[in-house]
Each structure stands twice: as structure tokens, then as C-alpha cells.
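For this chain, numbers begin at 1 and follow the sequence in order.
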Amino acid sequence: MSKMLSKFQIPKLLSPSIRRRKTTINARSFTLLYNPYCTMTDYTQITESPEIPSWVKFRDSQNPASADSDDDFVIPSLAHWIENHKPHDHGKVAKRVVIETDLDKICKILKNRHESLDNVAQALNRSGFIASNSLVEQLLKRFSNDWITAFGVFKWAKAQTGYRHSPELYDFMIDILGKSKEFPIMWELVEEMNQLGGYVTLFTMSKVMRRLARAGRFKEAVEAFTDIVRFGVSKDTTAMNVLMDALVKENNVEHAYDVFLQFKDVIPLNSQSFNVLIHGWCKARKLDQAKKAIEDMENHGFCPDAFSYTCFLEAYCHDKDFRKVDEILDEMNAKACKPNVVTYTIVMHALGKARKVNEALEVYEKMKRNGCVPDASFYSSLIFILGKAGRLKDARDLFEDMKKQGVSPDVLTYNTLISCYCAHSQEETALKLLQRMGEDSCKPDHNTYAPLLKMCCREKRMKVLYFLLYHMFRNDISIEAGTYTLLVRGLCKSGKLQQACMFLEEMVSKGMIPKDCTYKMLMEQLEGNSMTKAKERIEKLVSHAKEQRDI
């Protein structure tokens with residue numbers, strides 16, 4: 001790392017002339033460059049992957065003849081890559097470049113939305129396909145945001161002679177149902193797993209508790225924990241910490257504290273139990289309560305660790321109170337509690353966002369003196385800071401130097417650099433980074449595509465936008481509510497109202513209700529362009545969806 005920074009020459013990086021360069025990075029893409037405060041693995045994180053929207057498969061034949069010339073523009077150096085992956089060709093499905101698999105054929109059968117589980121099962125029964133654990137897993141991934149289709153697949157496979165779902169597939173289905181807030185069916189499946197014997201584990205119940213907490217059903221999440229022994233799962237320290245962590249992650253540290261008080265005399269505590277509370281109180285900016293949790297931690301014989309102090313440090317960073325940040329770092333050193341790489345990354349990132357670039361880069365020197373080795377998140381944060389300051393060449397050089405320092409770029413690193421280039425409308429470089437991710441076997445996620453899609457809307461690169469949507473599908477990544485909102489708003493701003501309507505209709509058809517501000521923007525644009533029929537259709541569609549939601 002020292003060789004890498006000497007290569008860049010820190011004085012040059014701190015040059016006032018370079019420092020004056022300005023840019024606008026989509027701050028939303030970097031709200032969490034890392035997840036340093038997870039007190040344990042997030043058992044509910046799964047890939048959301050729906051059926052590819054029909055309008056992505058086929059070119060819209062209703063586009064006006066006077067469409068912008070930018071619509072079909074593709075940078076020449078990327079044309080071959082995009083042409084070989086596009087799912088459509090002027091109204092016709094493109095020829096496959098690979099042999100169609102059973103998965104592809106079944107996805108065709110399931111491409112239409114089904115009104116009931118029985119309809120899904122019947123359609124698959126007529127197909128003659130034979131279920132396997134691997135096939136079901138892929139189908140659940142691709143339809144994980146469409147619980148009717150996913151559960152229909154699950155029931156179809158279970159009914160086949162000689163087939164049996166693995167415990168992992170049951171857990172996957174539990175999470176899909178919880179995500180869709182189909183809690184009665186979710187509990188029926190948990191009971192079924194219990195009857196099978198040994199299928200319900202802490203992993204299963206973690207999904208249940210986290211999904212209930214995410215839906216705001218805090219009391220039910222606690223009840224799930226209280227009743228956990230009925231399913232053969234120990235009501236122990238780890239399980240209690242999972243519950244508390246789930247509540248804290250949903251901004252409900254008060255419920256987590258109630259759980260702590262209720263069970264602290266019957267379930268042994270560990271340092272993690274206190275750290276979950278410290279994190280929650282700091283996150284809620286109730287620092288006096290967090291300090292009391294530290295005292296309680298020490299009274300129980302546990303020493304505050306780097307995680308404990310970093311929770312306070314993050315709160316002060318959020319408030320840009322860097323004097324307090326320095327005090328925390330001094331206190332850690334005084335107590336021989338060395339800051340870790342997460343600590344330094346948080347401080348550096350906060351300084352960079354506050355435009356204190358010199359101070360941010362100096363954090364590295366402090367980190368080096370303490371013998372702390374940087375990881376991919378540290379590099380990602382430094383790349384973000386350089387990109388935000390307009391130093392794209394330095395950011396790219398740092399990215400290229402990572403492997404030489406023994407650190408491989410991860411999805412976060414790629415996302416950071418892609419966002420930097422998208423913010424500067426350098427689409428060729430941004431798309432080539434997406435292409436390189438595939439070559440490096442680094443799987444993209446939602447945050448990879450968001451800045452690329454936003455850039456395509458802004459630049460009216462519709463052909464590339466279609467390609468990106470298909471690329472998402474092939475990587476088992478769904479268009480979720482946030483992405484739909486980004487596209488509807490971006491296309492409205494670019495005057496692409498037909499496409500904006502298609503996205504909103506697709507969104508509503510999957511049970512997602514647009515936010516009022518997004519809906520209002522589209523309505524105003526349609527009215528301003530005298531698109532009366534489209535406006536009436538959208539109004540009716542959204543009104544019906546809201547009525548169904550309130551039933």
C-alpha cells in the first residue's frame with residue numbers, strides 16, 4: 001500500500017488545482033459503502049430475480065417514428081458485446097447464441113403472470129419437465145419477487161414422485177414468502193418443515209424474525225423467538241442476538257432493549273449482546289443510552305472493543321463532529337483498543353464526504369503507523385473520495401493497483417468506480433467496467449446497474465438501457481421498487497413518457513405501489529403532453545392497486 005501511495009505522490013494528490021475540480025456523485029449509491037455494523041450475518045439477504053419484463057424482450061412497436069437518434073446509439077467499441085447479449089431485434093426475439101436450457105424453457109412457460117398457485121403447477125405439469133434441487137433453486141431465484149409463481153414452482157416440484165426439497169430450498173421459500181408479507185403461508189411452511197424433522201434451524205428462524213421485523217411486526221418477531229424451542233431450536237444467546245439485531249436494523253432499538261431486559265436473567269449475555277444495543281442507540285442518536293450500555297457491558301465483565309467505539313465514532317462522523325471523532329480515537333489508543341480497518345474507513349469516508357480531502361488522505365498515514373492493513377472497503381472508500389474530487393485518473397490508478405497490493409476488487413469497488421464514471425457521463429468506461437466484472441467473475445448487484453440505468457435515461461440511450469435490463473435478468477437480479485422509481489423518474493425527465501408508463505405499469509403489476517412524488521411527476525408530464533388516454537389508464541391502474549392493498 002505504501003508503494004502504491006508513493007506511486008501517486010500524496011503531495012500531487014493534495015494539489016490545490018486538482019482539489020478545485022468538482023463533480024456530482026449520486027450520493028444514494030454510496031450511502032453504505034460497507035456494512036461494518038452488522039453484528040452477524042444477515043440471514044435474509046437473497047437475490048431478487050423476477051421474470052424479465054415483456055417489454056424488455058420485445059422492441060416497442062408503438063414508438064414514434066421521430067424517435068431520438070440517441071435511442072439506438074451504441075458506442076462502437078461496445079457494439080459487439082451488446083449485440084451478442086441483447087434479447088430483442090426490432091420486434092423479434094433474438095436468436096440464442098447458446099443452446100436453450102430447461103431453465104430457459106420453463107421461464108418461457110412462466111413468463112405470463114398466473115392468478116393462482118394451481119395455475120402455475122398445472123402449466124408445469126403439462127411441460128413434462130422433471131424437478132431437481134438445482135433447477136428449483138434457479139427458478140426460485142428468478143421469480144423470488146413473484147411469490148405466486150415461486151410457490152407454484154415449489155409445490156409443483158414437491159408433488160413429483162421421488163423428489164424432495166432440501167432444507168436450503170425450504171429456507172429460500174420461507175424468505176420469499178416473508179419478503180412478500182405472506183406470513184400465514186410462511187408459518188404453514190415452517191410447520192411443514194417441523195413435521196419433516198430437523199428442517200427448522202436457527203437459520204430458518206432468523207429469516208422469519210428478520211422478515212417480521214422488516215414488516216414492522218415487532219411483537220410477532222419477539223413471539224417467534226419466544227416460541228423457537230417448539231421447532232427444536234435453542235433459545236440461546238446467539239438466537240437472542242439475532243432477534244435484537246433484526247430489531248435494531250429496522251430502527252427499533254427500544255424493542256431490542258425490551259428483549260434484552262426480558263431475557264438477560266435467563267439467557268447468558270456476551271459482548272455481542274451489548275454491542276447490538278450500543279449500535280442501536282448510536283444509530284438512533286441516543287448517545288447517553290449508548291454510554292449506559294457501555295457501562296453495563298463493563299459491569300458484566302466485558303471490555304468495550306473496536307466495534308463498540310466505532311459505533312460512537314460513526315455517529316459523530318454522521319454529524320461531522322470531527323473533534324469528537326478525534327477524542328474517540330484518542331480514547332481507544334489510551335485503552336489499548338486498536339482501531340480496525342472499518343474504523344479508519346468510516347473516518348476517511350466521512351472526511352471525504354465533508355470535502356476535507358487532505359484530512360481524509362492523512363487517515364491512511366495514521367492507519368499505516370498503527371499497522372492496520374487496508375481491505376477492499378478501504379480502497380472503495382478512497383476511490384469514492386478521489387472520484388468525488390474529480391480525480392478519475394487517480395481513482396482508476398488506485399483500482400488497477402489493488403491486485404498488486406494483494407487485494408482483489410469486489411462488487412463494492414466496481415460499483416464505486418462505475419458510479420464515478422457515470423456521474424461524469426463517461427459511458428464507455430463505465431460499461432467496460434461492467435464487462436470486466438464478468439471477466440473477473442465478480443457478480444454485479446442492484447447498485448452496479450443503478451448509475452448505469454440513470455445515465456442511460458439522462459443520455460437517452462434506450463438500446464443500451466434495454467441491454468442493461470436483460471443483463472440484470474441474466475445475472476438473476478430483479479427490477480425492484482427502487483429501480484422502477486429511478487427509471488420512471490429518469491425517463492420522465494428525458495421525455496420518454498411511453499417507456500415511463502410501461503415501467504410504472506410493470507411495477508404495479510408486481511404489487512409495487514409507486515411513491516406519490518413519482519406518480520405525480522408522471523401524471524403532470526402526461527397532462528402537459530396531452531397524453532389523456534395514457535394518464536387515465538395509469539390513474540385507474542394505480543387507484544385499483546391501492547384499493548387492493550387496503551383490503
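Taking the side chain as every heavy atom from C-beta outward, Leu497 and Leu491 never approach each other to under 4.5 Å. No side-chain heavy atom of Lys353 sits less than 4.5 Å from a side-chain heavy atom of Lys320. Counting only heavy atoms from C-beta outward, the side chains of Met472 and Pro444 never approach each other to under 4.5 Å. Between Met437 and Ile418 there is a side-chain heavy-atom pair separated by less than 4.5 Å. Inter-residue side-chain proximity for Lys496 and Cys457 is flagged as unmet; no heavy-atom pair is nearer than 4.5 Å. Met348 is not listed as a side-chain neighbour of Leu361, based on a closest heavy-atom distance of 4.5 Å or more. When side chains are defined from C-beta on, Cys107 counts as touching Leu139, because their heavy atoms get closer than 4.5 Å. No side-chain heavy atom of Ser509 sits under 4.5 Å from any side-chain heavy atom of Leu541.
Checked against the 6.0 Å centroid threshold, Phe399 and Tyr414 count as a close aromatic pair.
Lys443 contributes a side-chain N or O that, together with a main-chain N or O of Asn475, makes up a donor-acceptor pair within less than 3.5 Å. Looking at Lys179, its side chain does come within 3.5 Å of a backbone N or O of Ser144 through a donor-acceptor pair. A donor-acceptor contact shorter than 3.5 Å links the side chain of Ser180 to the backbone of Ile176. Judged by distance alone, the side chain of Lys181 and the main-chain N or O of Ala215 form no donor-acceptor pair under 3.5 Å. Side-chain atoms of Thr485 come within 3.5 Å of backbone atoms of Ala481 as a donor-acceptor pair (strictly under, hydrogens ignored). Under a 3.5 Å cut-off, the side chain of Asp394 and the backbone N or O of Asp397 do not form any donor-acceptor pair. Looking only at distances, a side-chain donor or acceptor of Glu480 sits under 3.5 Å from a matching main-chain atom of Gly482. Put simply, the side chain of Ser543 never gets that close to the backbone of Lys540: no donor and acceptor are under 3.5 Å apart.
In this structure, CG in Asn415 is found 9.0 Å from CG in Leu452, a value given to the nearest 0.5 Å. In this structure, NZ on Lys388 lies 13.0 Å from OG on Ser419, to the nearest 0.5 angstrom. Interatomic distance, Leu453 CG to His446 NE2, rounded to the nearest 0.5 Å: 10.0 Å. Here the CE atom belonging to Met502 is positioned 13.0 Å from the CG atom belonging to Leu487, to the nearest 0.5 angstrom. Atom-to-atom distance recorded for Tyr519:OH and Ile538:CD1 is 8.0 Å, nearest 0.5 angstrom. Rounding to the nearest 0.5 Å places CG of Leu486 at 10.0 Å from OG1 of Thr518.
When all heavy atoms of Leu434 and Thr448 are compared, the pair lying nearest together is CD1-CG2, 3.9 Å. Taking all atoms of both residues into account, the shortest heavy-atom contact from Leu351 to Val363 is CD1-CG2, 3.7 Å. When all heavy atoms are compared, the tightest approach of Val508 to Pro514 is CG2-CD, 4.0 Å. Scanning all heavy atoms of the two residues, the minimum distance from Cys492 to Leu522 falls at SG-CD1, 3.5 Å. The shortest non-hydrogen separation linking Ile174 to Met186 is CD1-O, 3.5 Å. Contact between Ala246 and Ala213 at its shortest, heavy atoms only, is O-CB, 3.9 Å.
Between Phe154 and Phe151, the ring planes are parallel. Angles under 30° get that label, and only those over 60° would be called perpendicular. Note: Tyr484 and Phe503 have perpendicular aromatic rings, judged against thresholds of 30 and 60 degrees for the angle between ring planes.
Partner of Leu433 under the side chain to side chain contact (heavy atoms under 4.5 Å, CB included) criterion, chosen from Thr413, Asp440, Leu417: Leu417. Each of Lys403, Lys404, Arg396 was compared with Glu400 under the salt bridge (Lys or Arg N to Asp or Glu O under 4.0 Å) criterion, and only Arg396 meets it.
Sequence neighbours left out, the pairs with a member in residues 525-535 that pass side chain to side chain donor-acceptor pair (under 3.5 Å) are Lys535-Glu539.
Using modelled atom types and a 3.5 Å distance limit, the side chains of Ser425 and Arg458 yield a donor-acceptor pair. Residues Thr310 and Thr343 bring a donor and an acceptor atom of their side chains to less than 3.5 Å of each other. Using a 3.5 Å distance cut-off with no hydrogens or angles, the side chains of Asp401 and Gln405 do pair a donor with an acceptor.
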Worksheet item: Would Met367 and Phe378 count as a side-chain contact (heavy atoms from CB on, under 4.5 Å) if you check the C-alpha gap in whole Å, the side-chain angles of each, and the deciding distance to 0.1 Å?
Response: CA-CA 11 Å; Met367 180 177 175; Phe378 178 88; 3.3 Å; yes
Worksheet item: Checking salt bridge (Lys or Arg N to Asp or Glu O under 4.0 Å) for the pair Asp516/Lys546: CA distance, chi angles, key distance, verdict?
Response: CA-CA 12 Å; Asp516 289 342; Lys546 288 182 177 180; 3.6 Å; yes
Worksheet item: Under the side-chain contact (heavy atoms from CB on, under 4.5 Å) criterion, do Trp156 and Phe129 qualify, and how do the steps go?
Response: CA-CA 10 Å; Trp156 160 75; Phe129 288 105; 4.2 Å; yes
Worksheet item: For Asp175 and Arg210, what are the C-alpha separation, side-chain angles and deciding distance, and is it a side-chain contact (heavy atoms from CB on, under 4.5 Å)?
Response: CA-CA 9 Å; Asp175 200 57; Arg210 289 186 184 279; over 6 Å; no
Practice prompt. Would you please test Lys283 and Glu314 for salt bridge (Lys or Arg N to Asp or Glu O under 4.0 Å) and show each step?
Written response: CA-CA 9 Å; Lys283 187 178 179 183; Glu314 188 274 340; over 6 Å; no
Discussion item. Glu427 vs Tyr421, test: side-chain contact (heavy atoms from CB on, under 4.5 Å). Steps then yes/no.
Written reply: CA-CA 7 Å; Glu427 54 186 300; Tyr421 283 113; over 6 Å; no
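Under the ring pair (Phe, Tyr, Trp, His ring centres under 6.0 Å) criterion, Tyr449 pairs with His471, sequence neighbours left out. Among residues two or more places apart in sequence or in another chain, the side chain to side chain contact (heavy atoms under 4.5 Å, CB included) test is passed with Ser132 by Ser134, Leu135.
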